[in-house]
Amino acid sequence: VVVSIGGSILVPEGKDASGIASIARCLSEASSRLPLLVTVGGGSIARKYIEWGRELEADEFSLDEMGISATRMNAQLLVLALQRERADVLAHPALQIPEAVRASRSHAIVVMGGTHPGHTTDAVAAMLATKARAARLVNATSVDGVYDADPRKSKEAKRFAKMTFAELLRLVSPSEYSAGSSAPFDPLGAKVLAKSRIPLAVVLGSDLSNLARAIRGEKFDGTMVR
Ligand code: UTP
């Protein structure tokens, strides 16, 4: 199973390390039954560096590279938290997808951040899920599922309990790409999953018992895309 954890879930602003310890415990427990490949987002550090870099007139490629560095730093922090839980985790974040897939043959958990400029860690998770022939991808994010409009902007936004990949693609494809931009799921990631037909569960990452159910393939609260 592949789990994509948003940076804002793993390293929320104004909180301490107790949240990441709880996430590590949740992942460690789940990995005793199912091998996990975990991607980690950049969160507020990525946003801050991208914002300041943009003010300094950096090009989009360089901004993405800084975003990738932030995701890898967050991935490193999750590795430390998992080691404290005595999880069988690869001792450093994998840098590329083939390395992660190879390592997952000998470790219960492998963690990684971003890979190349031009997409987000959700797309990395989708590629990882495809390459590893994962049973499903669970996206632990800051919203409790996929809505037909941005729920932070529109009160009338409706949540999908389930949807097809064609519907997800229609929803995310108009969203224009720029470093640090946010959509319910990365358009490239959606395309990759649509092609490989790997089911996607979108859940609120702060509800850990619900996240654990989605990882185990049980009934969960959120959006199921297949
Ligand atoms: P995130 O994966 O955190 O993307 O990567 P995001 O959509 O901004 O954050 P979430 O998903 O809402 O938490 C942070 C930034 O790092 C760069 C992009 O600029 C991205 O916006 N990045 C990340 C890449 O260029 N390539 C990658 O493989 C990963």
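Order of listing sets the numbers, starting from 1, for every ligand and every atom in it.
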Taking only non-hydrogen atoms of Gly6 and a 4.0 Å limit, the atoms of ligand 1 in range are 13 (O)
Determine whether the side chains of Thr141 and Asn139 contain a donor N or O and an acceptor N or O closer than 3.5 Å.
no
Any chain of hydrophobic side-chain contacts (each under 4.5 Å) joining Val40 to Met127?
no
Given that the side chain starts at C-beta and the backbone is N, CA, C, O, which of these parts of Asp186 lies under 4.0 Å from ligand 1, counting heavy atoms, or is it both or neither?
neither
Using only atom types and a distance under 3.5 Å, with no angle test, would you say the side chain of Thr71 pairs donor to acceptor with the backbone of Gly114?
yes
Could you tell me whether the side chains of Thr130 and Ser196 share a donor-acceptor contact shorter than 3.5 Å?
yes
Just checking, any donor-acceptor pair under 3.5 angstrom between side chains of Ser209 and Asp207?
yes
Test item: Arg136 side-chain N/O and Val2 main-chain N/O as donor-acceptor pair under 3.5 Å
no
Under a heavy-atom criterion of less than 4.0 Å, does Leu63 contact ligand 1?
no
Proximal atoms of ligand 1 relative to His116 (non-hydrogen, under 4.0 Å):
24 (C), 25 (O), 26 (N), 27 (C), 28 (O)
Apply side-chain contact (heavy atoms from CB on, under 4.5 Å) to residues Val203 and Asp144 and explain how you reach the verdict.
CA-CA 5 Å; Val203 300; Asp144 61 355; over 6 Å; no
Do any nitrogen or oxygen atoms of Thr121 come within less than 3.5 Å of a nitrogen or oxygen of ligand 1?
yes
Which of the atoms in ligand 1, numbered in the order shown and given with their element, are less than 4.0 Å from a heavy-atom of Gly42?
1 (P), 3 (O)
Just which atoms of ligand 1 are under 4.0 Å from any heavy atom in Gly118?
25 (O)
Going by distance only, is there an N or O of His119 that falls short of 3.5 Å from an N or O of ligand 1?
yes
Would you mind listing which atoms of ligand 1 come within a distance below 4.0 Å of any non-hydrogen atom of Gly114?
27 (C), 28 (O), 29 (C)
With atom 18 (C) of ligand 1 as the reference point, say which of Asp64, Ile97, Thr115 has the nearest heavy atom.
Asp64
Enumerate the atoms of ligand 1 whose separation from the nearest heavy atom of Val124 is less than 4.0 angstrom.
28 (O)
Identity of the nearest option to atom 15 (C) of ligand 1, non-hydrogen atoms only, from Gly113, Gly67, Pro117, Pro184
Gly67
Salt-bridge test for Arg159 and Asp221: reply yes if a basic N is under 4.0 Å from a carboxylate O, no otherwise.
yes
Contacting atoms of ligand 1, where contact means under 4.0 angstrom from a heavy atom of Gly7:
13 (O)
Main-chain N/O of Glu167 paired to Thr164 side chain as donor or acceptor, under 3.5 Å:
yes
Interfacing atoms of ligand 1 (cut-off 4.0 Å, heavy-atom, Thr71)
5 (O)
Got a donor-acceptor contact below 3.5 angstrom from the Asp186 side chain to the His119 backbone?
no
Just to check, does Ile50 reach to within less than 4.0 Å of ligand 1 when the distance is taken from its heavy atoms?
yes
